[in-house]
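Start at 1 and go down the list; that is how both ligands and their atoms are numbered. These numbers come from the heavy atoms of this one structure, side chains and all, not from hydrogens, waters or symmetry mates. Sequence positions, counted from 1, serve as the residue numbers for this chain.
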Amino acid sequence: MHIVHVSAELAKVAKVGGLADMVYGLAKELVHLQADVEVILPKYACLDTSHLKKFHADKQKVLSKTGKNSVFENTIWSGILDGIKITFIEPHHPLLPFDREEIYGFADDVLRFSLFSRTVLDYLCQRGKKVDVLHVHDWQTALIPVLYTHLFKSKDFCVGKTVLTLHNLDYQGKYSKKEFPLEGLENSSCLEDAHQPDLVNLLQGGIIAADIVTTVSPNYKKEIQTPEGGCGLHLLLQEHSSKLHGILNGIDPHFWNPKEDPFLIYPYETSQVTSLKEIGKVLHAKEHNKRHLYSLLNLQFSDKPLVAAITRLVPQKGPDLLIHAIRRTLSQGGQFILLGSCPIPELKTVFEKLRLEFEKDPNVRVILEHDEPLAHLLFAAAELLIIPSIFEPCGLTQMIAMRYGTIPIARLSGGLADTVFDVETSTRPLADRNGFTFDYPDAAGVNWALDRALSYPKEQKDKWHSLLLHAMQKDFTWKNPAREYLKLYAL
Ligand code: ADP
């Protein structure tokens, strides 16, 4: 079975968030299951090629079409990333769509990725190899099922099945219809935004045109079919519910492995820990990593519980609640480290102020960067990780945290509700309970979960150790999800 993933992100080479981790983790596990997998990405100028093997450009250029008579050349690059075959497309187009410093954040993002989507199909069509599954992700590549259905299916090019995964419905790829190159798609009404007919909506088109639509957690599949969670697409999703499937993301157990993590000063085993007697070793290792982290950040070591947040600082992630959580943690005698990337200038200003406010505080650090090594060390050093998301399609940080023996405090939303079960209030068996949760995304909700969580490491030691054991034993690898995807591909 030849499976082609088309994505805007891939961990290790071009990452902004969880999309990158998902495509990497799923593709790697599918390779492990002997599937013939390929990932196609834009060739960004900011690509990290250091992990790629056999990275090279093909001699032959591929031609692609944008406007009526406008044809442009593309260089096709290939490489191998941890056993996964990767194809990169470099369009020589006047827009210079990927010759930029960042992956996203430009006024013409919708045009850039539409161009890429078109080129992917031109490339696959010219290459001629049969594609059994064409799996696209989010709005950036959602145009592909639309283009395939309306333009390419009639050509001599056959795709067995198109699959669209919804990682985040909040981003839909909307653009002025007048300025969008619709050549060949003029009669495909699926792209016309249901609420604003003067706009195209790429995600909406993809949902209608794809054979299968998946969400990144079972609970998110339910939420997006409600007016509160559907971001305007709930009626469409209800209409297409028979092709909608919710599969929980996994995490890559090699990349996120405290035993072999190159960014930790003191690696440690968690997945093989089976008894409470072994918890001491984990706590010992975590303390060493915490001491190292504190020396890097110029913080004085203390045995106060450390709460971490590792996140993009965008409205979805509850930025006000994060700020509240910092202050509450301090008032309850804990410490806090926020590692947050700031793609939105207004929020950056708010958090920059916060960073300065706490610059000299011995119990807080606010670090406004995307820093992979620091994220790993922080996962290992912290006792708790807070995720007060307003909505969270899947969420990876709660799973990563548990793998590092760090207990999540999570708002019950999307995939967080599928993976974090409150130690006191959950109705699940004791062995499944692995964190602290709250329902309402407000200050009282945060206080309720955070206060209890902060009291556990010292005041409820036995329960704390059991909690750690349950969290570390949970299997969040790609083993089961990849099998579920294979079953869907074979439907
Ligand atoms: P999203 O995809 O919405 O950003 P997820 O929880 O699904 O959220 O995935 C976030 C991923 O990005 C995790 O691997 C997390 O460790 C990483 N990450 C988020 N913010 C940062 C940061 N500031 N520095 C380093 N890694 C980060």
Side-chain angles (χ1 to χ4, degrees), residues 7-26 48 103-105 137-140 165-171 215-217 219-220 231 247-258 261 263-264 293 296-297 308-319 322 337-344 347-348 351-352 355 365-382 385-404 406 408-411 413-420 435 476 478 481:
S7 170
E9 298 182 36
L10 181 69
K12 294 194 178 181
V13 291
K15 171 167 168 172
V16 175
L19 167 62
D21 293 314
M22 187 274 188
V23 178
Y24 173 87
L26 175 58
D48 180 351
I103 293 178
Y104 313 119
H137 299 266
D138 269 352
W139 71 265
Q140 298 91 329
T165 293
L166 305 175
H167 296 252
N168 192 337
L169 220 59
D170 204 25
Y171 304 94
T215 60
V216 287
S217 70
N219 196 38
Y220 194 53
C231 301
I247 301 179
L248 188 72
N249 278 346
I251 54 171
D252 180 60
H254 303 288
F255 189 65
W256 297 112
N257 181 3
D261 192 323
F263 303 120
L264 306 193
L293 174 71
L296 289 180
L297 299 180
I310 301 171
T311 183
R312 290 182 297 127
L313 291 166
V314 293
Q316 172 200 341
K317 304 289 181 181
L322 282 167
I337 298 180
L338 166 65
L339 176 59
S341 53
C342 283
I344 301 174
L347 275 176
K348 188 165 187 167
F351 278 91
E352 192 56 45
R355 186 184 73 74
R365 280 294 175 273
V366 174
I367 302 149
L368 301 179
E369 279 159 30
H370 183 98
D371 188 330
E372 190 80 52
L374 196 60
H376 286 240
L377 191 56
L378 188 49
F379 277 121
L385 180 99
I386 189 158
I387 314 144
S389 300
I390 307 303
F391 71 93
E392 193 60 77
C394 177
L396 297 178
T397 55
Q398 78 278 17
M399 301 191 231
I400 301 169
M402 287 189 243
R403 182 131 169 95
Y404 282 67
T406 301
I409 305 167
R411 152 126 210 280
S413 158
L416 294 170
D418 283 323
T419 49
V420 186
F476 288 121
W478 272 101

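The structure places CG of Asn257 at 12.5 Å from CD1 of Ile400, a figure rounded to the nearest 0.5 Å. A distance of 9.5 Å separates OG1 of Thr419 from CG of Asn219, quoted to the nearest 0.5 Å. A distance of 4.5 Å separates OH in Tyr220 from CG in Leu169, rounded to the nearest 0.5 Å.
In summary, the side chains of Gln316 and Tyr171 do not present any donor paired with an acceptor at a separation below 3.5 Å, with no hydrogens or angles considered.
Sorted by chain then number, the residues whose non-hydrogen atoms approach ligand 1 to under 4.0 Å are Lys15, Gly17, Gly18, Asp21, Trp256, Ile310, Thr311, Arg312, Lys317, Leu339, Gly340, Ser341, Glu369, His370, Asp371, Ala375, Phe379, Gly395, Leu396, Thr397, Ile400.
Pairing each heavy atom of Pro393 with each of Ser217, the nearest pair is O-OG, 2.6 Å.
Residues Trp256 and Phe379 place their aromatic rings such that the two centres sit under 6.0 Å apart.
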